[in-house]
*Asks:* 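Structure in structure tokens, see below.
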Amino acid sequence: MKWAHRDWVRVDILNYPEHVPVRGNYIKSGDESYDKECEDRVMEEMEWNDWAWCTVQVTVKFDVLTRSATLGCCSYKDKDEFKASGYYEGMVDECISTINQDIVRLCTEEMTMEDI
């Protein structure tokens, strides 16, 4: 039995427009003026930066098995900044763990490929 491991998987990262409004959801510092300033900056940046306010999906592929993790209300400069965040590593680890659980279930006949 071969296990999914970070060195043996393909990782794809996609970002999608976030449907949750920036206003009231980006930051809640307790200082309304500061919050508005930050939200205004993000809303301006959204005009030219797809990563300014988005939902991010990380998809891990191992052989024929694929799993994804999604995180909403994200704000980054670019894909590299997202990858440097702790969220990226955690999402990849979550997908690899789920794939390995799928492998166990497939090997013990608790599931079929149609269940995936």
Side-chain angles (χ1 to χ4, degrees):
M1 176 173 10
K2 188 173 180 182
W3 298 103
H5 181 275
R6 191 174 285 270
D7 294 337
W8 302 328
V9 299
R10 175 180 166 182
V11 179
D12 294 317
I13 304 170
L14 295 174
N15 69 328
Y16 302 96
E18 178 58 67
H19 297 289
V20 173
V22 173
R23 190 77 65 209
N25 295 294
Y26 175 72
I27 187 170
K28 294 184 182 176
S29 69
D31 179 342
E32 289 183 28
S33 175
Y34 175 75
D35 292 356
K36 184 179 181 317
E37 180 182 319
C38 292
E39 292 165 346
D40 288 346
R41 180 184 45 79
V42 169
M43 291 188 315
E44 286 175 24
E45 196 173 318
M46 287 171 61
E47 294 180 21
W48 57 270
N49 178 4
D50 292 351
W51 288 90
W53 188 244
C54 61
T55 295
V56 179
Q57 181 180 38
V58 172
T59 301
V60 174
K61 297 176 183 176
F62 177 72
D63 200 358
V64 297
L65 302 174
T66 302
R67 289 297 177 172
S68 297
T70 305
L71 181 65
C73 297
C74 297
S75 183
Y76 294 98
K77 178 178 67 174
D78 54 27
K79 184 191 290 190
D80 290 336
E81 186 178 63
F82 170 72
K83 286 179 74 173
S85 77
Y87 290 113
Y88 170 73
E89 295 296 329
M91 293 167 79
V92 171
D93 289 344
E94 174 187 333
C95 291
I96 290 173
S97 176
T98 303
I99 287 171
N100 284 329
Q101 291 169 20
D102 291 343
I103 291 169
V104 168
R105 289 195 299 274
L106 283 166
C107 290
T108 59
E109 299 182 27
E110 290 180 21
M111 67 186 290
T112 66
M113 289 303 292
E114 288 80 32
D115 296 324
I116 295 178

*Asks:* Using 4.0 Å as the upper bound for N to carboxylate O, is an ion pair formed by Asp102 and Arg105?
*Replies:*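 Between Asp102 and Arg105 there is a salt bridge, with a charged N closer than 4.0 Å to a carboxylate O.
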
*Asks:* Does the Asn49 side chain pair with the main chain of Lys77, one donor and one acceptor, at a distance under 3.5 Å?
*Replies:*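 Side chain of Asn49 to backbone of Lys77, a donor-acceptor pair under 3.5 Å: yes, one is there.
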
*Asks:* List the atom of Thr55, the atom of Gly72, and the distance in Å for their closest heavy-atom pair.
*Replies:*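 Nearest pair, atom of Thr55 first, then Gly72: OG1-CA, 3.8 Å.
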
*Asks:* Does a side-chain heavy-atom distance below 4.5 Å link Ser85 with Glu81?
*Replies:*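 No - every pair of side-chain heavy atoms lies 4.5 Å or more apart.
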
*Asks:* What residues join Val20 in its hydrophobic cluster, counting side-chain heavy atom gaps under 4.5 Å, either direct or through other members?
*Replies:*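 Members alongside Val20: none; it stands by itself.
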
*Asks:* Would you find a donor on one side and an acceptor on the other, under 3.5 Å apart, between the side chain of Asn100 and the backbone of Ala4?
*Replies:*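 Between the backbone of Ala4 and the side chain of Asn100 there is a qualifying donor-acceptor contact (under 3.5 Å).
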
*Asks:* Does the side chain of Trp53 come within less than 4.5 Å of Pro17's, by heavy atoms?
*Replies:*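 No. Closest side-chain heavy atoms not under 4.5 Å.
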
*Asks:* Please report the shortest heavy-atom distance between Ala69 and Met91, naming the atom on each side.
*Replies:*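 Closest heavy-atom pair between Ala69 and Met91: O-CE, 3.2 Å.
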
*Asks:* Do Ile103 and Trp8 share a hydrophobic cluster (ILVMFWY, side-chain heavy atoms under 4.5 Å, transitive)?
*Replies:*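 As far as the 4.5 Å side-chain criterion goes, Trp8 and Ile103 are connected within one cluster.
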
*Asks:* So Cys73 and Glu18, side-chain contact (heavy atoms from CB on, under 4.5 Å) or not? Walk me through it.
*Replies:* CA-CA 6 Å; Cys73 297; Glu18 178 58 67; 4.1 Å; yes

*Asks:* Just how far is it from atom NZ of Lys61 to atom OG of Ser68, taken to the nearest 0.5 Å?
*Replies:*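 Interatomic distance, Lys61 NZ to Ser68 OG, rounded to 0.5 Å: 8.5 Å.
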
*Asks:* Working to the nearest 0.5 Å, report the span between CD1 of Ile13 and OH of Tyr88.
*Replies:*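 One finds 4.5 Å between CD1 of Ile13 and OH of Tyr88.
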
*Asks:* May I ask you to check whether Thr59 and Asp12 show a side-chain donor-acceptor distance below 3.5 Å?
*Replies:*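 Judged by distance alone, the side chains do not pair up.
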
*Asks:* Determine whether Val11 and Trp51 fall in the same hydrophobic cluster, where Ile, Leu, Val, Met, Phe, Trp and Tyr are linked whenever their side-chain heavy atoms lie under 4.5 Å apart.
*Replies:*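 Per the 4.5 Å side-chain linkage, Val11 and Trp51 are co-clustered.
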
*Asks:* Does one hydrophobic cluster hold both Tyr76 and Tyr26, with members joined at side-chain heavy-atom distances below 4.5 Å?
*Replies:*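 No: no chain of side-chain contacts under 4.5 Å links Tyr76 to Tyr26.
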
*Asks:* With a 4.5 Å heavy-atom cut-off, do Arg67 and Val58 have their side chains touching?
*Replies:*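 When only atoms from C-beta onward are counted, Val58 and Arg67 do not touch, as no gap falls below 4.5 Å.
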
*Asks:* When clusters are formed by joining ILVMFWY residues with side-chain heavy atoms under 4.5 Å apart, either directly or through shared neighbours, do Val104 and Ile96 land in the same one?
*Replies:*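 Linked within one cluster.
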
*Asks:* Spell out, as yes or no, whether a donor-acceptor pair under 3.5 Å connects the side chain of Gln57 to the backbone of Leu14.
*Replies:*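 The answer is no, because no donor-acceptor pair under 3.5 Å joins these two groups.
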
*Asks:* Between Thr98 (side chain) and Glu94 (backbone), is there a donor-acceptor pair under 3.5 Å?
*Replies:*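 Between the backbone of Glu94 and the side chain of Thr98 there is a qualifying donor-acceptor contact (under 3.5 Å).
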
*Asks:* Please step through side-chain contact (heavy atoms from CB on, under 4.5 Å) for the pair Arg23 and Val42, ending with a clear verdict.
*Replies:* CA-CA 10 Å; Arg23 190 77 65 209; Val42 169; over 6 Å; no

*Asks:* Could you tell me whether a side-chain N or O of Asn15 sits under 3.5 Å from a main-chain N or O of Asp50, the two making a donor and an acceptor?
*Replies:*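 Flag set: sc Asn15 to bb Asp50 pair under 3.5 Å.
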
*Asks:* How many angstroms lie between atom CD of Glu39 and atom CD of Glu37, to the nearest 0.5 angstrom?
*Replies:*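 CD of Glu37 is found 11.0 Å from CD of Glu39.
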
*Asks:* Are any of the side-chain heavy atoms of Leu106 and Leu65 separated by less than 4.5 Å?
*Replies:*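 Yes; the side chains approach each other to less than 4.5 Å.
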
*Asks:* Is there a path of hydrophobic side-chain contacts, each under 4.5 Å between heavy atoms of I, L, V, M, F, W or Y residues, that connects Val56 with Val9?
*Replies:*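 Per the 4.5 Å side-chain linkage, Val56 and Val9 are co-clustered.
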
